[in-house]
Amino acid sequence: MVDTQPIAKTTLQSPLQQSVQYLKGVGPKRSDIFGKLGIHTIRDMLFHFPRDYKDHTRIQKISEAAVGAEITIQGKILGVQTRMARNRKNILEVFVGDGTGTIAATWFNQPFLANKFRVDNTVILHGKVGAYKYLQLLSPEYDIIQEDEFPAKEGGVVPVYPLTERMSQTHFRKIMKLAVFQFSGYIEEALPEEIIRKNRFVSINEAIRDIHFPETFEHLKNARSRLVYEELFTLELAMALRRRGIKEETGLSFKIGANVDAHIRNLIPFTLTKAQERVIYEITEDMRSSKPMNRLLQGDVGSGKTVVAMYAILAAIANGYQAAFMGPTEILAKQHFQTIQKYLEHSYVRMRLLTGDIRSRQKKDILDQIQSGQVDLVVGTHALIEDTVQFKQLGLVVIDEQHKFGVVQRLKLKKKGTCPDMLIMTATPIPRTLSLTLFGDLDISILDEMPPGRPPVKTLWVPADKEMNAYRFMYAEITKGRQVFIVYPLVEESEKFDLKSAVAESKRLQLEVFPTLRVGLLHGQMKSAEKDKIMMDFKEKRYDILVSTVIIEVGIDIPNASIMAIVHAERFGLSQLHQLRGRIGRGSEQSYCLLFGNPNSSVSGERIRTMTRTCDGFKIAEMDFRLRGPGEFFGTRQHGLPELRISDLIKDFPILKKARDDAFELVSQDPQLIMNTHDKMKQKILETFKDRLELINI
Ligand code: ADP
Ligand code: MG
């Protein structure tokens, strides 16, 4: 019998902490292989979940075996024989009968398997039926049923594990059965009882048993949803605590009255969109409140984030505070600086630009002015994070293009003030599933409306045989005075090759396709000053066409560029294509995005189709996320999201929402997790987030 009583928690080390070597069948050599799978302790073993399941609940009769079909049968071993084929291959045949017929399980060149099969043992075999002189299953999966086996003797739902080579499913399953049989009872319940009751969850012990060896698919479902919930609940609880921690600090409480509002609006030369109005409202509410603002503003490229940021900046300055505005690159920081400078032409605001390329002499002056409060607004790059930058009274931090910076950098800039408000902007729309997890500690505002008068970009796919037509079209548009981007991919493994192709292509385009036009080239190996110069030349119309590698991805505004051709579009990710496309469509003219290339897989085809159908960044992000999966969407590690072992953020979205609501409710009742009933959960969070603890205060 299993001892289901958890051992006394006070002094004894839990058996779960023991090495897997403690399990029968795992010696030093095996434990090496286990180590590669991340399995060191028995607990690790129990939490090594199957990646799939086989349905052995329906055992078929051998008499039903149809050649070519997959079948699962169960029977007694009638005979075992090894022989040598003419080609000197060793053949092992295990004859199995179930009363309705006989079939041979056949393996080539694995003579050692012979010892495993004993006449009269019961086996389950799963494989594809073939026919030789008799019915055959070639290298089937096999399960030898022991008399004392646990839990289901017959078939059932069979787990399939993520494994490395040198470890067979059958063998691993056997060790796992042992581990589950002996130790799943020792796992302690971490979920608070009220949550288990409310959701009618099975116990953790049952869940662990059934995630490995469920009797039915119903059992499996119950086990899985509980484990998914627990994983997401832990994550959301951490988010809730982090958010709570931020909210508990006392921040600045700005006064933003009708006067200030009117003053700011006077500087804006257009009518704000409804979305901008809504977001400005959300931001000013945050700024008025004495709780620090921690808000993420999402909006597609061109949706008008800058002016929203400027509103917040001016509100802070009107209250006598300084503001910092950080962009991801020098060129973008400069662009923000210039844009805002233009808006503020007739205002008293004192602003400075601080980037890495500023000479040390001048830099010292700027730093002095920031420190003494002679500067109201500093726009810059990550140079702003350096220790030498000290503010007199930093009241607002705006960070553009969040995903280029990590959480830690965010905090570093924030620490330069005493709890300044924080606005983070991103042009990469984040699928809701991710914004609830990765950015679960932020409030979110969304600009989901484009300013009027800008027709959406038309996107067309250009297959190889239509390229000449596309060139002709570009030529026609250029003669109307427009400009064209032609983008080449730069794939890391073959940087040189791609560079060559961009260089060669720009020559070819200049000499053979557009001899009368001016073709410029911009690539990643150029020095940053050189790149800036070429961009400026293009902006000032000294080129008609700019051939470039993807470095213009986050780039500057060139409203006159109305065509973007993307070569080998199939090599780009969906979000990347969308970002690139955002470089055009900034003027009042109709713009076109031309996707060159031949999709070589269903995924790349789907990407190109999605691009031609929608300009909605959120739809695209959602699709990208689906196509790529969360892991790749953007490097999740750096964002402080722990690895998810069982949850699928797309499939399990409903559970995520539920877990989030429950977690936030729990934190509102017990902000420090001091109640007894939350003790285990607290421990679990500390373990899961141990290397990111500074972000949570419990
Ligand atoms: P984002 O930073 O979101 O990519 P920007 O703030 O750069 O977008 O805005 C894109 C362009 O749209 C800018 O030229 C800006 O002046 C203009 N713009 C922003 N809001 C409006 C509006 N409400 N009406 C008209 N033009 C606007
Ligand atoms: Mg912008």
Side-chain angles (χ1 to χ4, degrees), residues 13-54 158-191 204-205 207-214 220 223-224 226-235 237-238 437-438 628-649 651-652 680-681 683-693:
Q13 188 202 27
S14 162
L16 300 174
Q17 298 308 114
Q18 287 168 339
S19 156
V20 269
Q21 281 197 48
Y22 190 80
L23 290 168
K24 214 172 126 204
V26 188
K29 216 162 133 204
R30 274 255 151 61
S31 81
D32 264 9
I33 305 179
F34 277 57
K36 291 216 176 76
L37 292 166
I39 302 171
H40 305 285
T41 64
I42 290 172
R43 166 181 282 278
D44 296 338
M45 184 77 183
L46 295 176
F47 283 84
H48 191 76
F49 297 141
R51 60 171 163 79
D52 200 4
Y53 298 86
K54 291 226 156 96
V158 178
V160 181
Y161 290 94
L163 295 179
T164 58
E165 74 277 29
R166 293 167 64 210
M167 172 67 77
S168 77
Q169 288 292 341
T170 308
H171 194 84
F172 189 82
R173 220 176 270 146
K174 199 168 147 194
I175 299 172
M176 184 63 92
K177 263 186 188 165
L178 217 66
V180 170
F181 185 48
Q182 286 185 36
F183 296 104
S184 62
Y186 287 104
I187 301 173
E188 294 182 43
E189 194 69 73
L191 282 183
I204 185 68
N205 312 97
I208 289 294
R209 189 191 67 198
D210 288 353
I211 200 71
H212 293 290
F213 302 107
L220 173 60
R224 187 178 180 279
R226 186 218 138 104
L227 293 171
V228 168
Y229 179 95
E230 184 162 338
E231 183 169 75
L232 296 174
F233 181 73
T234 309
L235 176 65
L237 205 50
T437 45
L438 286 184
R628 281 203 284 171
E632 267 185 67
F633 188 76
F634 26 30
T636 35
R637 294 223 135 244
Q638 148 198 6
H639 285 272
L641 184 73
E643 189 192 352
L644 296 174
R645 287 170 163 270
I646 190 166
S647 312
D648 173 336
L649 288 178
K651 225 166 63 186
D652 297 319
K680 290 271 159 45
M681 213 49 227
Q683 236 173 293
K684 181 161 183 173
I685 287 174
L686 293 175
E687 274 160 30
T688 315
F689 293 87
K690 53 181 173 298
D691 45 345
R692 295 175 271 259
L693 269 186

According to ring pair (Phe, Tyr, Trp, His ring centres under 6.0 Å), who are the partners of Y161, at least two apart in sequence or on a separate chain? F172, H212
Can you classify the ring geometry of F183 versus Y186 as parallel (below 30°), tilted (30 to 60°) or perpendicular (above 60°)? tilted
Is there a donor-acceptor pair under 3.5 Å between the side chain of Y53 and the backbone N or O of L220? no
Rounded to the nearest 0.5 Å, what's the gap from [atom1] on [X] to [atom2] on [Y]? Could you check?
X    : Y    : atom1 : atom2 : result
T164 : I33  : OG1   : CD1   : 6.0 Å
K174 : K177 : NZ    : NZ    : 10.0 Å
L178 : L23  : CG    : CG    : 6.0 Å
M681 : T234 : CE    : OG1   : 3.5 Å
N205 : I187 : CG    : CD1   : 6.5 Å

Sequence neighbours left out, what passes side chain to side chain contact (heavy atoms under 4.5 Å, CB included) with E189? Give chain and number order. L191, I196, S203, I204, R226
Show your working on salt bridge (charged side-chain N to carboxylate O under 4.0 Å, His left out) between R224 and D652 and close with a plain yes or no. CA-CA 11 Å; R224 187 178 180 279; D652 297 319; 3.0 Å; yes
Mind listing the closest non-hydrogen atom pair of S184 and I208 along with its distance? CB-CG2, 4.0 Å
Taking all atoms of both residues into account, what is the closest heavy-atom pair of K684 and A190, and its distance? CD-CB, 4.0 Å
Considering only heavy atoms from C-beta outward, does the side chain of M176 approach that of F213 to under 4.5 Å? yes
Sequence neighbours excluded and cut-off under 3.5 Å, please list the side-chain donor-acceptor pairs for residues 39-51, or say none.
| from | atom 1 | to | atom 2 | distance (Å) |
| --- | --- | --- | --- | --- |
| T41 | OG1 | R43 | N | 3.3 |
| T41 | OG1 | D44 | N | 3.1 |
| T41 | OG1 | D44 | OD1 | 3.4 |
| T41 | OG1 | D44 | OD2 | 3.3 |
| D44 | OD2 | H40 | N | 2.8 |
| D44 | OD2 | T41 | N | 2.9 |
| H48 | NE2 | P162 | O | 2.9 |

Holding to side chain to side chain donor-acceptor pair (under 3.5 Å), I want the full list of residues that pass it with E231, two or more places apart in sequence or in another chain. S647
Let's go through Q21 and F34 carefully: what are the C-alpha distance in whole Å and the side-chain angles of both, what is the deciding distance for side chain to side chain contact (heavy atoms under 4.5 Å, CB included) to 0.1 Å, and is it a yes or a no? CA-CA 10 Å; Q21 281 197 48; F34 277 57; over 6 Å; no
